[in-house]
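Comments concern the structure below.
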Amino acid sequence: MNSNEIRIGNLVYPKGSSTLSHVTGIFENLCCLSGINNKYSKHYLFEQISPIELSESILEKFKFKKDEHGYWWIEFDRRYLSLIPSQDGYWYPVLVQCPEVSSESEQHVSINRIKYAHQIQNLFFSISHLELVFETKIQINENAKN
């Protein structure tokens, strides 16, 4: 990973580990990671951290909801962010603006495809100025991607 891809609060794995961590510091060539329950804090080179691939279980932990079409969405401030899964492993985000007046229709804006948890965190923060809250009470059973 590169320093310009992540920000404080992003979820990542230390490379070769399945220990979910969040970024607590970004330095010139180092990244500080803490365990999700703040059980440790270590410094890693950027090439020593791996992104977490987006999955339905990760989206559930971010409080996204699945609709009848298999799309995932989260609502905020009269808008919602919808994620459309694809067979190629990517998710296609669509920002939807709810109508201000009942006679208007929704406005949909497609955004570049994404694949990793830190990307949805960064996208959501960019469009809402809110952090995605990660539910830590649910056990993660996913393997690290190296």
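Nothing fancy with the numbering, it's 1 onward along the sequence.
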* Asked: SG/Cys31 to OH/Tyr44 distance, rounded to the nearest 0.5 angstrom?
  -> 10.0 Å
* Do Ile127 and Leu81 come within less than 4.5 Å of each other through their side chains, counting heavy atoms only? -> yes
* Can Ile58 and Ile52 be said to form a side chain to side chain contact (heavy atoms under 4.5 Å, CB included), step by step? -> CA-CA 9 Å; Ile58 292 289; Ile52 297 170; 4.0 Å; yes
* To do: Given side chain to side chain contact (heavy atoms under 4.5 Å, CB included), test Tyr92 with Ser86 step by step and report yes or no.
  => CA-CA 7 Å; Tyr92 290 83; Ser86 70; 3.3 Å; yes
* Asked: Is the side chain of Asn10 donor-acceptor paired with the backbone N or O of Arg7 at a distance under 3.5 Å, no angle test?
  -> yes
* Structure fact -> residues 27-36 vs salt bridge (Lys or Arg N to Asp or Glu O under 4.0 Å), sequence neighbours excluded, gives none
* Check whether any side-chain heavy atom of Pro14 lies under 4.5 Å from a side-chain heavy atom of Ser21, and answer yes or no. => yes
* Group every Ile, Leu, Val, Met, Phe, Trp and Tyr by side-chain heavy-atom contacts under 4.5 Å, then state whether Ile114 and Tyr71 land in the same group. => no
* Check the surroundings of atom CZ in Phe46: do more than 12 heavy atoms from other residues, nucleotides or ligands lie under 6.0 Å from it? => yes
* Is the distance between the ring centroids of Phe76 and Phe124 under 6.0 Å? -> yes
* Structure fact -> Output for pair (Asp77 CG, Leu130 CG), nearest 0.5 Å, gives 8.0 Å
* In Å, rounded to the nearest 0.5 Å, how long is the span from CG of Asn4 to CD1 of Ile26? -> 10.0 Å
* Asked: If you measure from OG on Ser3 to CG on Leu30, what distance do you get to the nearest 0.5 Å?
  -> 11.0 Å
* Check: Leu59 and Leu54 side chains under 4.5 Å, non-hydrogen atoms -> yes
* To do: Identify the heavy atoms of Gln121 and Leu11 that sit nearest to each other, and give their distance.
  => OE1-N, 2.9 Å
* Report yes if the side chains of Leu95 and Tyr80 come closer than 4.5 Å at any heavy-atom pair, otherwise no. => no
* With distance as the sole test, does Glu47 use its side chain to make a donor-acceptor pair with the main-chain N or O of Met1 at under 3.5 Å? -> no
* **For His108, side-chain hydrogen bond (donor to acceptor under 3.5 Å, both in side chains) partners two or more places apart** => Glu106
* Which class fits the ring pair His118 and Tyr116: parallel under 30°, tilted 30 to 60°, perpendicular over 60°? -> parallel
* Structure fact -> Sorted by chain and residue number, the salt bridge (Lys or Arg N to Asp or Glu O under 4.0 Å) partners of Lys66 (sequence neighbours excluded) come out as Glu56
* To do: Could you walk me through whether Phe134 and His22 pass the ring-ring contact (aromatic ring centres under 6.0 Å, His included) test, one step at a time?
  => CA-CA 10 Å; Phe134 191 78; His22 63 269; 9.7 Å; no
* About how many Å separate CH2 of Trp91 and CZ of Arg113, when rounded to the nearest 0.5 Å? -> 14.5 Å
* Asked: What residues, two or more places apart in sequence or in another chain, satisfy side-chain hydrogen bond (donor to acceptor under 3.5 Å, both in side chains) together with Ser126?
  -> none
* Asked: Are the side chain of Asp88 and the backbone N or O of Tyr90 linked by a donor-acceptor pair below 3.5 Å?
  -> yes
* Contact check, side chains of Ser41 and Leu33, non-hydrogen atoms, under 4.5 Å -> no
* Asked: salt bridge (Lys or Arg N to Asp or Glu O under 4.0 Å) with Glu75: which residues, sequence neighbours excluded?
  -> none
* Could you list the residues that satisfy salt bridge (Lys or Arg N to Asp or Glu O under 4.0 Å) with Asp67, not counting sequence neighbours? => none
* Does the pair Ile6 and Ile49 meet the rule for a side chain to side chain contact (heavy atoms under 4.5 Å, CB included), with working shown? -> CA-CA 11 Å; Ile6 59 173; Ile49 59 176; 3.9 Å; yes
* To do: Measure the CD1-CG distance between Ile120 and Leu83 for me, rounded to the nearest 0.5 Å.
  => 4.0 Å
* **For the student: nearest non-hydrogen atoms of Ala117 and Phe62, plus distance** => CB-CE1, 4.3 Å
* Asked: Same cluster for Phe27 and Leu45 if Ile/Leu/Val/Met/Phe/Trp/Tyr side chains link at under 4.5 Å?
  -> yes
* Side chain to side chain, Leu132 and Ile74, heavy atoms closer than 4.5 Å -> yes
